[in-house]
> 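This is the structure I want to talk about, given as structure tokens.
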Amino acid sequence: MRRRNFLKAAAAAGLVSSGLMSVSGRPLLAQAPEGLAEFPKGFLWGCSTSAYQIEGAVTADGRGPSVWDTFSHSYGKVANGDTGDIACDHYNRYAEDVELMARAGMRAYRFSVAWSRVQPTGTGPANAKGLDFYDRLTDSLLARGIEPWPCLYHWELPQGLQDRGGWTNRDIAGWFTDYALLVAGRIGDRAKHWCMLNEPSVHAIFGHGTGGHAPGMTGRANCIKAIHHQNLAQGAALKALRAEGGAKGWKLGTVLSLQPVWPVGGLEANYPASVMWDAVWNRSCLDPLFKGEYPELLAKDFAPLIKAGDLATIRQPIDFLGINYYSRMHQQPDPGGLFGTGYGSPPEGTRRTGMEWPIEPDGLAEMLVELKQSYGNPPVYVTENGAHFDDQPGPDGTVRDGDRIAFIRNHLLHARKVMEEEGVNLKGWFVWTLLDNFEWAEGYRRRFGLVQVDRETMTRTPKASYHWYADVIRKNGVPEGA
Ligand code: GCO
């Protein structure tokens, strides 16, 4: 079975790395007269952010501390000692940020809700003032014709819940569901698209396995617990929201980081490591959600945690799947790694972003095809794609971030190709991200924004990529050569 998967991945890779022409030489992209790779009518264009990375105002209006407050204030955890205390001051400047999105023509905005604004210690009655912020934000988005896409959890657990074990405590499924209902009860009359979690496997791996992210827990067992309990919480919340939201027309989904995993150098010896890492990173959340089972390779890890009914709770119908894609991962054996695997190099000659992540836009196409072939071709939105490059303002103060433009452009073109050629069900695109922001353990030294933020004055200055993306939205396609 392992070998079959590998061959399938290799076939998909061949399929998508053959350039932008079909074998017959027929151009695969719809070419408008002016040379535009057009997207289908109604394709949804927007951007994504997350609360801790942009909001700041960490003690405003009764917000309680989250694990990221604790972590970023612990010595040596974040580059340069940066914290999200001020971040982009979006809490106070949200109207200006909504205006920036509107001026670019964006029609959807995925933002996350900070649980500890809503329930300062994680359980109990709602803090009305905290919810007021998301109420104001929702109204201001709708006033500019932008669909609000709230994401209920983007990694900032209330510290009060971490003190009770956080994601290693299975009671969190109930805590999360109560919280989800409070948020949906407040803005669900206007917000129709709901994302449950952001990248649960990544949160489990870095936050609970390797300890490089908040809450800084470590070990394979904690990582596995965090995966299972996030899956369970997601299932319970989906079920509860589905019961409430039928009449309100809610569209329910979740967001996973999906990155094809390849064996370093294509070597047979590295193949088991790649399959193992694929199971942890991708399939430990995909498989239980779509198939009601964990990957065979991890069955022993999960077995002690699974109680009767858990897998049925996790396997919920969803209206859409959000996928965050940045690169492939290349794995090889590493006895010191959490699952006996470790990162290795991509094929020689592969370019990299400022994060050192390989630039592999065909990996997105590969993943979209895999979702079609193995998971029933669900409606998919790319809910994050973008890049950090060390772009600096030129003498006139503007940032000409050609690398970022090329990055997003190439990912769009590869996605477009498999939409047309393979019939993958891609419905929209959310660039990561609007603003240069707090990039977790990397602090502010990494900048993914379409808009530059001056850290002293908080002045927002659109980069060249912002104007380019606005043009893509206006044309509903990627202009040739741009
Ligand atoms: C993640 C998150 C974002 C990141 C982005 C760039 O994937 O880590 O969803 O919060 O900032 O992906 O690393």
> Going by atom type alone, with no hydrogens or angles, which donor-acceptor pairs under 3.5 Å involve a side-chain atom of residues 430-437 and a protein atom two or more places apart or on another chain?
unit_1, atom_1, unit_2, atom_2, d
Thr433, OG1, Ser48, O, 2.6
Asp436, OD1, Gly449, N, 2.9
Asp436, OD1, Lys463, NZ, 2.8
Asp436, OD2, Lys463, NZ, 3.4

> Indicate yes or no: does Asp97 engage Arg93 in a salt bridge with an N to O separation below 4.0 Å.
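Looking at Arg93 together with Asp97, the answer is no, because their closest N to O distance does not fall below 4.0 Å.
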> Can you list the residues that meet the salt bridge (Lys or Arg N to Asp or Glu O under 4.0 Å) rule with Asp61, with sequence neighbours excluded?
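Listed in chain order: nothing, the list is empty.
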> For the side chain of Tyr134 and the backbone of Ala114, is there at least one donor-acceptor N/O pair under 3.5 Å apart?
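Checked: pair present.
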> Does Asp301 have any side-chain hydrogen bond (donor to acceptor under 3.5 Å, both in side chains) partners at least two apart in sequence or in another chain, and if so, which?
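For Asp301 the side-chain hydrogen bond (donor to acceptor under 3.5 Å, both in side chains) partners, ignoring immediate neighbours, are Arg220.
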> Can you list everything that forms a salt bridge (Lys or Arg N to Asp or Glu O under 4.0 Å) with Arg63? Sequence neighbours excluded, please.
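Once residues adjacent in sequence are excluded, the partners of Arg63 under the salt bridge (Lys or Arg N to Asp or Glu O under 4.0 Å) criterion are Asp69, Glu156.
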> For His193 and Tyr381, test the side chains for any donor-to-acceptor distance below 3.5 angstrom and give the result as yes or no.
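Not at all, the side chains of His193 and Tyr381 share no donor-acceptor pair under 3.5 Å.
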> Strictly below 4.0 Å, N to O, side chains only: are Arg447 and Asp390 in salt-bridge contact?
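So Arg447 pairs with Asp390 through a salt bridge.
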> Whether the Gln452 and Asp454 side chains hold a donor-acceptor pair (N or O, under 3.5 Å, no angle test) is what I'd like checked.
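The criterion, which ignores hydrogens and geometry beyond distance, is not satisfied for Asp454 and Gln452.
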> For residues His90 and Phe111, establish whether the separation of their ring centroids is below 6.0 Å.
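No; Phe111 has its ring centre 6.0 Å or more from that of His90.
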> Tell me, please, which residues at least two apart from Gln332 pass side chain to side chain contact (heavy atoms under 4.5 Å, CB included).
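Per chain and number, Gln332 pairs via side chain to side chain contact (heavy atoms under 4.5 Å, CB included) with Val264, Asn270.
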> Using side chain to side chain contact (heavy atoms under 4.5 Å, CB included) as the criterion, list what pairs up with Thr59, not counting sequence neighbours.
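Partners of Thr59 by the side chain to side chain contact (heavy atoms under 4.5 Å, CB included) criterion come out as none, since no residue qualifies.
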> With a 3.5 Å cut-off and no angle check, do the side chains of Tyr326 and Thr353 form a donor-acceptor pair?
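The criterion, which ignores hydrogens and geometry beyond distance, is not satisfied for Thr353 and Tyr326.
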